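These numbers come from a predicted model, not from an experiment. In what follows, chains are A, B, ... by sequence order, proteins preceding strands, each numbered from 1.
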Amino acid sequence: MLSRTIKEKLISSYTRSFPSFPLPDQFTVEVPPSDGFGDFASNIAFSSAKILHENPIEIASIISDVLREDSFFNDVTVAGKGFVNMKVSDTLLRKMLVKIIKEKEDAFKYNIGKGKRYQVEFVSANPTGPLTVGHGRQAAIGDVISNILEFIGYDVTREYYFNDAGNQMNVLAHSLWVRYNQELGVDIEMPEEGYRGEYLIDIAKEIVGKAGKMYREKWDEDVKAFFRSYAADKMFDWIKADLSKFNIRFDVWFSESSLHEDGKVKDTIEELRKRGFVYEKDGAVWFAASKLGDHEDWVLVKSTGEPTYLLTDIAYHRDKAKRGFDKVLDIWGADHHGHVPRVKAGLEALGIEDGFCEILLHQFVTVVQSGKDVRMSTRRGEFVTLGDLVDTVGADVAKYFFVMLSPDTHLSFDLDLARSRSMDNPVFYIQYAHARICSVLRHAEENGFDTNREGDVRLLIAPEERTLIKDIERLDDVVLDAYDTLGPHKLTRYVEEVAKAFHVYYTKYRFVDKSNLELSYARLSLVKAVQIVIKTVSRLIGISMPENM
RNA sequence: GUGCCCGUGGCUUAAUGGACAGAGCGUUGGACUCCGGCUCCAAAGAUUGCGGGUUCGAUUCCCGCCGGGCACUCCA
């Protein structure tokens, strides 16, 4: 909360000091690496050095002189090669604490989104098999980002796009039919490209139970359609059950076949044609992406007459724009990175503005078990399902592990470690801090304290109290940082830091002391504020905060 | 071969171009008569893959190597 005001104060000191010069493009206000540098530090002198043709140290000292006149600051110094280091007054920090207690999580909300419609599309796995841990990472990242967007005032739609139209579904249908026949003792080989997972065997058994030998060695369009829809329904039930077990919900389930049925794929290709990006060659219809700087052109409609994945995807994104979203975010696995420039070229060709669609890629998840990698492939039927993972480690731990690293970082999920409940587990560390807080508040009530009473925060003079207040008052900065960088891991790192600061505080001081009621009330206020912050972050991450463990 | 991502203490990792590269795990040594020790304190541990360049300043940007992952389909 304070860094905003400080930024404004830096700007006004700058313009007062250098009235005829423009402001630097950007400069930071951040927490310095060590307490010795004060509470906040800014690099404004570095970023303005070129504009002012002046030594950063000189600039910093001029700005500092102005800032020093403000009672907001306790101390302003110039350090290093030109940092402006600021120490804010204790009164001000305590005001922030009071604000948190009064307004709760609203104290940290800035309306950046202003109600604009933001669509986040994630998971979007096709119904050909169960969700894997890789989808789990995507589900977690997408959910946390959606929560963040909502927190800062966007109207968010969480959408799941599934391909229920293409050839993969036919392959799935045929694979199921093969399993069905095998169940009936018919010796048919699973085709090379078939889905070999054991899950189809269970479904095949089910069909034998219901339909007997009706489809034995019989394969035509009707049979295909039956197996296809049977398989798709089963897969969807499974996917939805796993997601709900994982506490992830979607607002819209968007089917690819609806794009075809509603003529949107056809419309898209016509519009591309009108704009001069379509030509025919070798019996196929091509997208002239090279006109937009791509190194080659891509097929939109195969010579068989079927649309490609690229075309339907462009049609899908065109539809997103037509549905009136102000902005959309797609979350894709890193294996789709080659697809990014093509879809973007498609949108550009359609005249959709550049900033409309953002794509966040995340690196892969590997699962390590007994010290070695578990290879995962839906087609080969080798995987650890998301549902299994959630059953073993719980939704909270799974979700936290998925978002605790930067999406850019490869994630290696150690199943043995996760299964062993012992864990050097940050989730438990944070939950423990929260449970301790609840325990303290309970203890206070039991000893006759009214925990709703507001304490006199002026009594909070211990250094650990100052640290803790500084930590919790910057939650809004953390949320905005996570938003700017699309980095949910900023939240987990932050909440670990807050939990740490609380544990340190807890170990050193007593909160409930009948011989010093006023001090006790003051400290209980701080404890409650910490609880508000931990709960707010845990809600954004989507994990629970039990009162007892 | 071409393109994208990654390379940071023993391990897992953080750092919109900023200060002495920050955490956690592990290791070693400490701390409970009292609100939950699932906690806390301290120490050791790093030439940020290698070599150049840009900059007042580079883990971050550029170039070249080395190593790993991914993608280069009329699959999705």
Side-chain angles (χ1 to χ4, degrees), chain A residues 26-28 30 32-34 36-37 41-43 45-47 49-50 55-57 79-83 85 124-126 128 163 165-169 171 193 256 281-286 295-296 298-310 312-313 333-341 361-364 366 379 404-412 414 417 421-426 428-429 431-433 435-444 446-447 481 484-485 487 489-490 493 496-497 499-500 502-513 520 523-524 527 548-549:
Chain A
Q26 47 185 351
F27 64 92
T28 58
E30 54 193 13
S34 127
F37 295 129
S42 177
N43 66 352
F46 295 112
S47 19
K50 279 215 177 86
N55 182 331
I57 293 184
K81 292 174 181 170
F83 284 97
N85 289 339
S124 295
N126 293 336
T128 54
N163 175 334
N167 191 48
Q168 293 308 314
M169 293 306 292
V171 174
E193 72 284 2
E256 186 200 325
K281 191 182 86 183
D282 305 331
V285 180
W286 293 72
H295 65 285
E296 57 183 317
W298 306 98
V299 171
L300 292 172
V301 182
K302 306 179 208 172
S303 48
T304 59
E306 293 173 301
T308 59
Y309 163 58
L310 175 61
T312 48
D313 234 16
D335 55 335
H336 284 65
H337 78 257
H339 193 56
V340 174
L361 297 177
H362 67 87
Q363 294 301 311
F364 273 34
T366 51
R379 191 157 308 170
M404 69 191 282
L405 301 185
S406 158
D408 263 342
T409 303
H410 174 92
L411 174 67
S412 169
D414 188 330
L417 183 69
R421 275 261 161 195
S422 66
M423 276 236 183
D424 323 306
N425 192 327
F428 295 155
Y429 182 84
Q431 289 181 332
Y432 183 53
R436 261 187 160 173
I437 288 170
C438 296
S439 166
V440 166
L441 295 175
R442 269 196 309 269
H443 180 80
E446 283 159 17
N447 282 275
D481 186 26
D484 284 336
T485 57
H489 63 290
K490 312 258 183 182
R493 298 190 72 90
E496 284 170 39
E497 207 174 309
K500 169 79 180 174
F502 174 74
H503 282 310
V504 170
Y505 182 42
Y506 177 92
T507 308
K508 201 159 170 186
Y509 300 91
R510 286 194 64 76
F511 309 133
V512 179
D513 179 359
S520 297
R523 288 184 171 163
L524 288 171
V527 168
N548 297 291
M549 290 177 68

(request) With the side chain of A:M549 defined as its heavy atoms from C-beta on, choose the nearest nucleotide among B:C20, B:C38, B:C5. (result) B:C38

(request) Measure the distance from CG on A:D414 to C1' on B:G26 and round it to the nearest whole Å. (result) 14 Å

(message) Can you tell me which nucleotide in B:C5, B:U39, B:A14 comes closest to the side chain of A:T507?
(response) B:U39

(message) Any heavy-atom pair between the side chains of A:Y506 and A:V440 that's under 4.5 Å?
(response) yes

(request) Determine the contact category for A:A444: base if any of its heavy atoms lies under 4.0 Å from a base atom, sugar-phosphate if only primed atoms, P, OP1 or OP2 are that close, otherwise nothing. (result) nothing

(request) Hunt down the Watson-Crick or G-U wobble partner of B:U39, both distances under 3.5 Å, from any strand shown, or write none. (result) B:A31

(message) Counting C-beta onward and ignoring hydrogens, is there a side-chain heavy-atom pair between A:F502 and A:V527 closer than 4.5 Å?
(response) yes

(request) Could you let me know what B:C74 is paired to, Watson-Crick or G-U wobble, both distances under 3.5 Å, or none if it's on its own? (result) none

(request) For A:H410 and for A:Y505, locate the closest nucleotide of RNA chain B by heavy-atom distance; then report the residue assigned to the nucleotide nearer the 5' terminus. (result) A:H410

(message) With a 3.5 Å limit on both atom pairs, tell me what B:U12 is paired to, counting Watson-Crick and G-U wobble, or say none.
(response) B:A23

(request) Rounded to the nearest angstrom, tell me the gap between atom OH in A:Y506 and atom P in B:C40. (result) 12 Å

(message) In whole Å, measure the gap between the P atoms of B:G22 and B:G64 for me.
(response) 32 Å

(request) Would you mind classifying the nucleic acid contact of A:V504 as base, sugar-phosphate or nothing, using non-hydrogen atoms under 4.0 angstrom? (result) sugar-phosphate

(message) Say we look at B:C50 and B:U39: how far apart would their C1' atoms be, to the nearest angstrom?
(response) 43 Å

(request) Please state the P separation for the pair B:U55 and B:U8 - nearest whole angstrom. (result) 29 Å

(message) For B:C4, give the paired nucleotide (Watson-Crick: N1-N3 plus N6-O4 or O6-N4; G-U: N1-O2 and O6-N3; both under 3.5 Å), or none.
(response) B:G69

(message) Pick the closest RNA chain B nucleotide for A:P307 and for A:M404 by heavy atoms, then say which residue is nearer the 5' end.
(response) A:M404

(message) If I take atom NE2 from residue A:H489 and atom CD from residue A:E496, how far apart are they, to the nearest 0.5 angstrom?
(response) 11.5 Å

(request) Check every atom of B:A19, B:C41, B:G37 against the side chain of A:K500 and return the nucleotide holding the closest atom. (result) B:C41

(request) Look at the side chain of A:E296 and decide which nucleotide, out of B:C41, B:C72, B:A14, has an atom nearest to it. (result) B:C72

(request) Measure from the side chain of A:K490, starting at C-beta and using heavy atoms only, and say which of B:C72, B:A15, B:C74 lies closest. (result) B:A15

(message) Roughly how many Å apart are B:A58 and B:U28, using the C1' atom of each and rounding to a whole number?
(response) 35 Å

(request) Could you work out the separation of B:U47 and B:G9 based on their C1' atoms and round it to a whole Å? (result) 12 Å

(request) Look at the side chain of A:H336 and decide which nucleotide, out of B:A14, B:G37, B:A76, has an atom nearest to it. (result) B:A76

(message) Expressed as a whole number of angstroms, how long is the span from A:L405:CG to B:A23:P?
(response) 18 Å

(request) Rounded off to whole Å, could you give me the CZ-to-C1' distance for the A:F364 and B:C6 pair? (result) 14 Å

(message) For a quick check of understanding: with a heavy-atom distance under 4.0 Å over all strands, which category does A:P56 fall into, base, sugar-phosphate or nothing?
(response) nothing

(message) With the criterion set at under 5.5 Å between ring centres and under 30 degrees between planes, would B:C56 be stacked on A:F46?
(response) no

(request) Can you measure from CD (A:Q363) to CG (A:L411) and round to the nearest 0.5 angstrom? (result) 11.0 Å

(request) Between B:A46 and B:U59, how far apart are the C1' atoms? Round to whole Å, please. (result) 12 Å

(request) Could you state the atom-to-atom distance from CZ of A:F83 to P of B:C56 in whole Å? (result) 16 Å

(request) Check every atom of B:C70, B:C6, B:A19 against the side chain of A:D408 and return the nucleotide holding the closest atom. (result) B:C6

(request) Starting from P on B:G24, measure out to CZ on A:F428 and report it in whole angstrom. (result) 19 Å

(request) Look at the side-chain N and O atoms of A:K508 and state whether any lies under 4.0 Å from the OP1 or OP2 oxygen of B:U39. (result) no

(request) Answer with base, sugar-phosphate or nothing: what part of the nucleic acid does A:Q26 contact at a heavy-atom distance below 4.0 Å? (result) base

(request) Figure out the NE2/P separation between A:H362 and B:C70, and round it to whole Å. (result) 14 Å

(request) For residues A:H503 and A:Y429, determine if any side-chain heavy atom of one lies less than 4.5 Å from a side-chain heavy atom of the other. (result) yes

(request) Assign A:S406 to base, sugar-phosphate, or nothing according to its heavy-atom contacts below 4.0 angstrom with the strands shown. (result) sugar-phosphate

(message) Could you tell me how far apart A:D313 (CG) and B:A76 (P) are, to the nearest whole angstrom?
(response) 10 Å

(message) Check the orientation of A:F511 and A:Y505. Use parallel for under 30°, tilted for 30 to 60°, and perpendicular for over 60°.
(response) tilted

(message) Rounded at 0.5 Å granularity, tell me how far CH2 in A:W286 sits from CG in A:L300.
(response) 9.5 Å

(request) Using a heavy-atom cut-off of under 4.0 Å over every strand shown, decide if A:N55 touches base, sugar-phosphate, or nothing. (result) nothing

(message) Check the phosphate of B:C38 against A:R436, side-chain N and O only, distance under 4.0 Å to OP1 or OP2. Yes or no?
(response) no

(message) When you compare the side chain of A:M169 with that of A:T128, does any pair of heavy atoms fall below 4.5 Å?
(response) yes

(message) Measuring from the side chain of A:D282 (C-beta onward, heavy atoms only), which nucleotide among B:C72, B:C74, B:A76 has the closest atom?
(response) B:C74

(message) Suppose we define a pair by two distances each less than 3.5 Å, Watson-Crick or G-U wobble; what does B:C61 pair with here?
(response) B:G53

(request) First locate atom CG of A:L405, then atom CZ of A:R493, and finally report the distance between them rounded to the nearest 0.5 Å. (result) 9.0 Å

(message) With a 3.5 Å cut-off and heavy atoms only, can you find an N or O donor on one side and an acceptor on the other between the side chain of A:T308 and the base of B:C74?
(response) no

(request) Pick the C1' atom in B:A21 and in B:C34, then give their distance to the nearest Å. (result) 41 Å

(message) Base, sugar-phosphate or nothing for A:A334? Non-hydrogen atoms, less than 4.0 Å.
(response) sugar-phosphate

(request) Provide the Watson-Crick or G-U wobble partner of B:G17, both distances under 3.5 Å; none if there is no partner. (result) none

(message) Among B:C74, B:C35, B:A76, which nucleotide has an atom closest to any side-chain atom of A:R510?
(response) B:C35

(request) Looking only at side-chain atoms of A:A79, point me to the closest of B:G37, B:A19, B:C70. (result) B:A19

(request) Look at all strands and tell whether A:N126 reaches a base, only sugar-phosphate, or nothing, counting heavy atoms closer than 4.0 Å. (result) sugar-phosphate

(message) I'd like to know if A:H295 reaches the base of B:G3 with its side chain, counting only an N/O donor and acceptor under 3.5 Å.
(response) no

(request) Kindly say if A:T409 contacts the phosphate of B:G7, meaning a side-chain N or O under 4.0 Å from OP1 or OP2. (result) no

(request) Quick one: pull up CG in A:N126 and CD in A:Q168 and give me the separation to the nearest 0.5 Å. (result) 7.5 Å

(request) Please measure how far the C1' atom in B:G49 lies from the corresponding atom in B:U60, and state the result in whole Å. (result) 16 Å

